[in-house]
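To start, the structure itself, in structure tokens.
This one's a predicted model, so the numbers in the text were calculated from it and none came from an experiment.
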Amino acid sequence: MVKVTLKDGKVIEVAKGTSYAEIVKGISMKLYKEATVVRANGELCDLRDAAEEDVVLEVLTFDDKDGKKAFWHTSSHVLAQAILKFIPDAKLTIGPAIDNGFYYDIDTDVLIDEAMMEKLEKEMKEIAKRGLAISRFELSKEEALARYTDNEYKTELINELPEGETISFYEQGGEFTDLCAGPHLMTTSPIGAFKIMSVAGAYWRGKSENKMLKRVYAISFPKAKQLEEYLVLLEEAKKRDHRKLGKELRLFEFVDEGPGFPFFLPKGMTVYNTLMEYWREIHTREKYVEISTPTILSRHLWETSGHWYHYKENMYTTQIDEADFAIKPMNCPGGMLVYKMEPRSYRDLPIRMGEIGLVHRHELSGALNGLMRVRCFHQDDAHIFMTKEQIQDEIKDVVRLFDEVYKLFGLTFHVELSTRPENSMGSDEDWEVATEGLRGALEAIGLDYVVNEGDGAFYGPKIDFHLNDAIGRTWQCGTIQLDMQLPERFELEYTGADGQKHRPVMIHRVVYGSIERFIGILIEHFAGAFPTWLAPVQAVVIPVSEAHKEYAHEVLAKLKAAGIRAECDDRNEKMGYRIRENQLQKVPYMLVVGDKEAEAGAVAPRDRKEILKGAMPTEEFISYITAEIKERRR
């Protein structure tokens, strides 16, 4: 018998070799019907796998991130099977799950147009309806290669695997087989709805020197209603697209001369600077000091930090005086040098250093996406140097700060603890101390979190904050990384109470993350209608006619004197046209002034939510809006 410990702490005993499917059936048939895969002792497994030893078991469904990925991975195999029905000579390559569905890359000259997409969708639904049983089997490397003598892509993948390793395949009802590590659903029947989203070109393995393949993007759900809701969400997201709104609101632009390098326009800079004012205000309150480090630093520095070996493909490099230098992709190593510039004592710790640093990272052109993925951006880094005893208190303070910031914008969040990746540096002991330090802080705070195995930074584990916006989408922004490696590599020290030298522990953390990306998220979250405190233009004065221009400018002067970002729209256009234009620009307040307002020293405000009605004295309006701005109301 083996013991199975469930997520709620309950322990059951089953015969050794009992499949996870049978174990889940014993727990609940409803849960079994919803289950996609399981996590057994931290490892993702098929339901068809068996419990051969005591195991901590978590049952995953479509509602779980990894459960959803398994669902979509199986769906990609269904897509591949449908493709082969209509394009039998297509060469299959890879078909992974992605953040929003899945894709399959194929080598074919056949045009995949709307008509073909409809055929594929219909066939995918039919395959799912038939409920094909999915099974797993393994072959030797030689046997696997024999199956793909006419497919150089699969052959390349197989040849990269170590000698002597058995290679797994998944089969669907005896009709379709694909090279795959899994895990997968038990059958195709849970897949209730499919939608092919688009077809694009993609180089094999993302390298431009390789052949261009066709990439078929799709998504699937257990129920048709979920697909319908997703498509409605997509339509809403299109309306909120920050690239479209950014251009319409004159916030930022991209030009051919700088692909991936954003140009912020005056209104965009107002939003940027307002965010920075808030950032500096709260960090001053929390006793951070602000520093600035150079953009270009020597190869030696990046070798010491480990970036030259772990991150070089994403770095821009140059030569100065015949020596190698790199443009910084991160602010951290510069912060190390600042710490070392003077002796430190335990009495100085914790030291909290903040930096709004401009960083550059080489991103593939196909990955660029407005402000969400760029090649240069400002990162609101902070590095906290502390003793091991101070870890939990510092992390709790950072989490409290993050919570305050995100609530200001109406953003909720969930948290992931990301653990040691494969290409990491440092000892097992250091990683254990760092990981448990983060875990302990989260549990002390009482914050719910999920573990994201193997997704930490190469120098330490991290806590990621995933923000939920106004229409339910998730964005990863804030992060807290606990690092014992860089202080070691840079030989950072402080003098302890015992008079001896000790190594500090360091936290890397960002609140906004990429400030450019955070602005993009806010544009979409607010659909361009920023809160008044953040809006680039907070009020616009609109004279009814030429006769009211002089009074309109008197009002404008009073608004500006009160520190309000205001403009006067006195163009020679009809008043209705000017009001409509400013509505499209998402201006929080439009102040119409005519004869009555001029006589009474008043304005007639029109706000986006129609809270203010009728005329009011100008000074009263100024008091109202300045209070709203000062309190940063949403």
Side-chain angles (χ1 to χ4, degrees), residues 1-74 97 133-136 138 168 170 181-187 189-190 222 391-392 395-396 399 414-422 428-429 431-456 461-464 466 482:
M1 301 294 285
V2 297
K3 292 181 179 179
V4 179
T5 304
L6 304 179
K7 190 176 180 180
D8 62 3
K10 181 180 178 182
V11 178
I12 59 176
E13 289 193 354
V14 300
K16 184 178 180 181
T18 302
S19 72
Y20 294 125
E22 289 302 317
I23 293 171
V24 178
K25 283 180 184 177
I27 298 169
S28 162
M29 279 303 296
K30 181 178 183 295
L31 180 61
Y32 172 71
K33 289 177 182 178
E34 294 177 353
T36 54
V37 289
V38 296
R39 186 177 285 114
N41 289 336
E43 182 180 350
L44 285 177
C45 299
D46 285 325
L47 284 160
R48 59 185 62 79
D49 291 338
E52 301 292 347
E53 59 183 6
D54 291 352
V55 62
V56 176
L57 189 69
E58 183 180 359
V59 183
L60 304 181
T61 70
F62 187 79
D63 293 331
D64 299 296
K65 180 180 177 181
D66 287 326
K68 193 178 267 101
K69 283 195 170 183
F71 187 96
W72 283 338
H73 196 175
T74 300
I134 299 172
S135 57
R136 183 179 187 273
E138 294 181 344
S168 61
Y170 280 82
H184 282 281
L185 304 179
M186 295 288 282
T187 75
S189 61
I391 289 175
Q392 287 203 12
I395 292 174
K396 285 191 281 189
V399 172
H414 69 271
V415 174
E416 290 184 1
L417 172 61
S418 298
T419 59
R420 186 175 190 173
E422 289 184 8
D428 292 343
E429 181 182 353
W431 273 88
E432 179 70 17
V433 170
T435 304
E436 290 311 308
L438 293 182
R439 193 190 309 271
L442 288 172
E443 291 176 357
I445 297 165
L447 198 60
D448 290 335
Y449 66 94
V450 296
V451 177
N452 193 1
E453 297 288 354
D455 200 41
K462 60 178 181 171
I463 300 171
D464 288 325
H466 297 263
L482 190 55

Do Val55 and Val2 come within less than 4.5 Å of each other through their side chains, counting heavy atoms only? no
Applying the side chain to side chain contact (heavy atoms under 4.5 Å, CB included) test to Val59, which of Thr36, Val24, Val37 qualifies? Val24
Taking distance alone, no hydrogens or angles, what donor-acceptor pairs closer than 3.5 Å link side-chain atoms of residues 431-441 to residues at least two apart or in another chain?
residue: Trp431; atom: NE1; partner: Met425; partner atom: O; Å: 2.9
residue: Thr435; atom: OG1; partner: Trp431; partner atom: O; Å: 2.7
residue: Glu436; atom: OE1; partner: Arg439; partner atom: NE; Å: 3.4
residue: Glu436; atom: OE2; partner: Arg439; partner atom: NE; Å: 3.2

So does Ala50 get a backbone contact from the side chain of Ser19, meaning a donor-acceptor N/O pair under 3.5 Å? no
Mind checking whether Glu53 and Asn41 have side chains closer than 4.5 Å, heavy atoms only? yes
On a heavy-atom basis, which atom in Ala15 and which in Thr18 lie closest, and how many Å separate them? O-OG1, 2.6 Å
Decide yes or no for Ile463 and Leu447: does some side-chain heavy atom of the first lie under 4.5 Å from some side-chain heavy atom of the second? no
Please report the shortest heavy-atom distance between Thr419 and Gly454, naming the atom on each side. OG1-N, 2.8 Å
Give me the one residue out of Leu57, Ile23, Thr5 that meets side chain to side chain contact (heavy atoms under 4.5 Å, CB included) with Ile12. Ile23
When you measure from the side chain of Asp64 to the backbone N and O of Asp66, does any donor-acceptor pair fall under 3.5 Å? no
Taken in chain and number order and not counting sequence neighbours, the residues that satisfy side chain to side chain contact (heavy atoms under 4.5 Å, CB included) with Glu43 are Cys45
Donor-acceptor contact present, side-chain Arg136 to main-chain His184, <3.5 Å: no
Can you tell me if CD on Glu13 sees more than 12 non-hydrogen neighbours from other groups inside 6.0 Å? yes
Side-chain heavy atoms of Lys16 within contact of Glu52, under 4.5 Å: yes
Decide yes or no for Val38 and Leu47: does some side-chain heavy atom of the first lie under 4.5 Å from some side-chain heavy atom of the second? yes
Do you know the tightest heavy-atom contact between Gly456 and Ser418? N-CB, 3.7 Å
Would you check if Arg48 and Ile134 make a side-chain contact, meaning some heavy-atom pair closer than 4.5 Å? yes
Asp455 and Lys462: which non-hydrogen atoms are nearest, and at how many Å? O-CE, 3.1 Å
Side chain to side chain donor-acceptor pair (under 3.5 Å) involving Gln392 - partner list, sequence neighbours excluded: none
Donor-acceptor under 3.5 Å (Asp54 side chain, Lys3 main chain): yes
Point-to-point distance, once rounded to the nearest 0.5 Å, from OH of Tyr32 to OH of Tyr20: 15.0 Å
Pairwise distance NZ(Lys65) to NZ(Lys69) - rounded to 0.5 angstrom: 5.0 Å
Would you say the side chain of Asp428 lies within less than 4.5 Å of the side chain of Arg420, judging by non-hydrogen atoms? yes
Between the CG atom in Leu60 and the NZ atom in Lys68, the distance rounded to the nearest 0.5 Å is 11.0 Å
CG/Asp464 to NE2/His414 distance, rounded to the nearest 0.5 angstrom? 9.0 Å
Contact summary for Pro222 and Phe71, nearest pair of heavy atoms: N-CZ, 3.6 Å
